[in-house]
Amino acid sequence: MQMLAENEKLEKACQEAKDKFHKLGEGEYQEIISKLQYVIVSYNADKNPIGLYEIGEKALQLLKEHKKKAPRQVSKKLIDDLEKAIQMREN
């Protein structure tokens with residue numbers, strides 16, 4: 001049951017990341033937006049979080065890169081939430 005709660009946190013963090021990429025500019029981030037949308041829908045259908053972890057890690061890297069260029073556009077909380085959710089897999 002705890003694993004399901006952790007996966008739900010990851011799904012929520014990926015959804016927030018997708019929303020942030022929309023705000024940052026769909027043109028530049030269209031590929032990651034599409035991938036996040038796909039894995040979120042897939043997770044909701046079968047509850048298998050593997051895609052969330054894989055694409056979540058890519059989203060995290062892109063968010064960190066964007067934060068270096070424009071620190072005020074990406075919140076530390078968003079990055080922290082995504083990192084914590086991804087680290088659940090490693091534990």
Side-chain angles (χ1 to χ4, degrees):
M1 193 68 183
Q2 183 182 0
M3 193 62 159
L4 184 61
E6 292 170 357
N7 291 342
E8 295 295 325
K9 287 180 185 176
L10 176 60
E11 188 263 342
K12 183 177 184 263
C14 285
Q15 182 66 46
E16 290 172 359
K18 182 181 74 81
D19 294 344
K20 176 52 77 175
F21 285 123
H22 270 294
K23 291 178 185 173
L24 294 175
E26 289 188 44
E28 184 178 355
Y29 294 110
Q30 185 57 48
E31 183 178 349
I32 193 70
I33 291 169
S34 296
K35 287 180 179 182
L36 283 166
Q37 182 64 40
Y38 178 81
V39 296
I40 290 167
V41 169
S42 176
Y43 171 74
N44 286 322
D46 63 15
K47 297 300 181 200
N48 183 345
I50 191 71
L52 291 175
Y53 284 107
E54 290 174 6
I55 304 304
E57 288 175 2
K58 291 178 184 176
L60 179 61
Q61 291 171 342
L62 289 173
L63 287 169
K64 285 181 174 181
E65 289 172 15
H66 191 91
K67 187 164 178 70
K68 285 180 186 175
K69 294 185 279 186
R72 293 180 167 218
Q73 290 183 352
V74 179
S75 73
K76 182 175 179 349
K77 182 183 181 327
L78 175 59
I79 289 175
D80 288 347
D81 288 350
L82 195 51
E83 275 183 329
K84 285 177 190 171
I86 290 169
Q87 287 174 351
M88 295 292 177
R89 176 185 195 186
E90 297 164 5
N91 294 335

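Please read all numbers here as calculations on a predicted model, not as lab measurements.
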Checklist entry - Honestly curious: do V41 and I55 fall in one hydrophobic cluster under the side-chain, below-4.5 Å linking rule? => result no
Next on the checklist: Rounded at 0.5 Å granularity, tell me how far CD1 in I33 sits from NE2 in H22.
Outcome noted: 4.5 Å
Checklist entry - Taking only residues two or more places apart in sequence, or in another chain, which ones meet E54 in a salt bridge (Lys or Arg N to Asp or Glu O under 4.0 Å)? => result none
Checklist entry - Partners of K64 by salt bridge (Lys or Arg N to Asp or Glu O under 4.0 Å), sequence neighbours excluded? => result E83
Checklist outcome for this item: Nearest heavy-atom approach of A17 to L63 is CB-CD1, 4.0 Å
Checklist entry - Taking only residues two or more places apart in sequence, or in another chain, which ones meet Y43 in a ring pair (Phe, Tyr, Trp, His ring centres under 6.0 Å)? => result none
Next on the checklist: Please enumerate all residues that pass salt bridge (Lys or Arg N to Asp or Glu O under 4.0 Å) together with K35, with sequence neighbours excluded.
Outcome noted: E31
Next on the checklist: Suppose we screen for side-chain hydrogen bond (donor to acceptor under 3.5 Å, both in side chains). Which residues come up paired with K23, at least two apart in sequence or across chains?
Outcome noted: none
Checklist entry - What pair of heavy atoms forms the shortest contact from Y53 to I86, and how long is it? => result CE2-O, 3.7 Å
Checklist outcome for this item: Applying side-chain hydrogen bond (donor to acceptor under 3.5 Å, both in side chains) to K20 and not counting sequence neighbours gives none
Item to check | Least distance between heavy atoms, C14 atom then G56 atom | outcome: SG-CA, 4.0 Å
Checklist entry - Listed by chain and number, what are the side-chain hydrogen bond (donor to acceptor under 3.5 Å, both in side chains) partners of Q15, not counting sequence neighbours? => result D19
Checklist entry - L10 and P49: which non-hydrogen atoms are nearest, and at how many Å? => result CD2-O, 4.4 Å
Checklist entry - Who pairs with K84 by side chain to side chain contact (heavy atoms under 4.5 Å, CB included), at least two apart in sequence or on another chain? => result none
Checklist entry - Is any side-chain heavy atom of F21 less than 4.5 Å from a side-chain heavy atom of L62? => result yes
Next on the checklist: Any heavy-atom pair between the side chains of K47 and N7 that's under 4.5 Å?
Outcome noted: no
Checklist entry - Same cluster or not: are V39 and I50 linked, directly or through other Ile, Leu, Val, Met, Phe, Trp or Tyr residues, by side-chain heavy atoms under 4.5 angstrom apart? => result no
Item to check | Partners meeting side chain to side chain contact (heavy atoms under 4.5 Å, CB included) with K67 (sequence neighbours left out) | outcome: V74, I79
Checklist entry - So how far is it from E57 CD to L52 CG, rounded to the nearest 0.5 Å? => result 11.0 Å
Checklist entry - Got a sec, which pairs hit ring pair (Phe, Tyr, Trp, His ring centres under 6.0 Å) with one end in residues 59-81, sequence neighbours left out? => result Y29-H66
Item to check | Residues which pass side-chain hydrogen bond (donor to acceptor under 3.5 Å, both in side chains) with D80, listed by chain and number, not counting sequence neighbours | outcome: K76
Checklist entry - Who are the side chain to side chain contact (heavy atoms under 4.5 Å, CB included) partners of E16, not counting sequence neighbours? => result K12, L78, D81
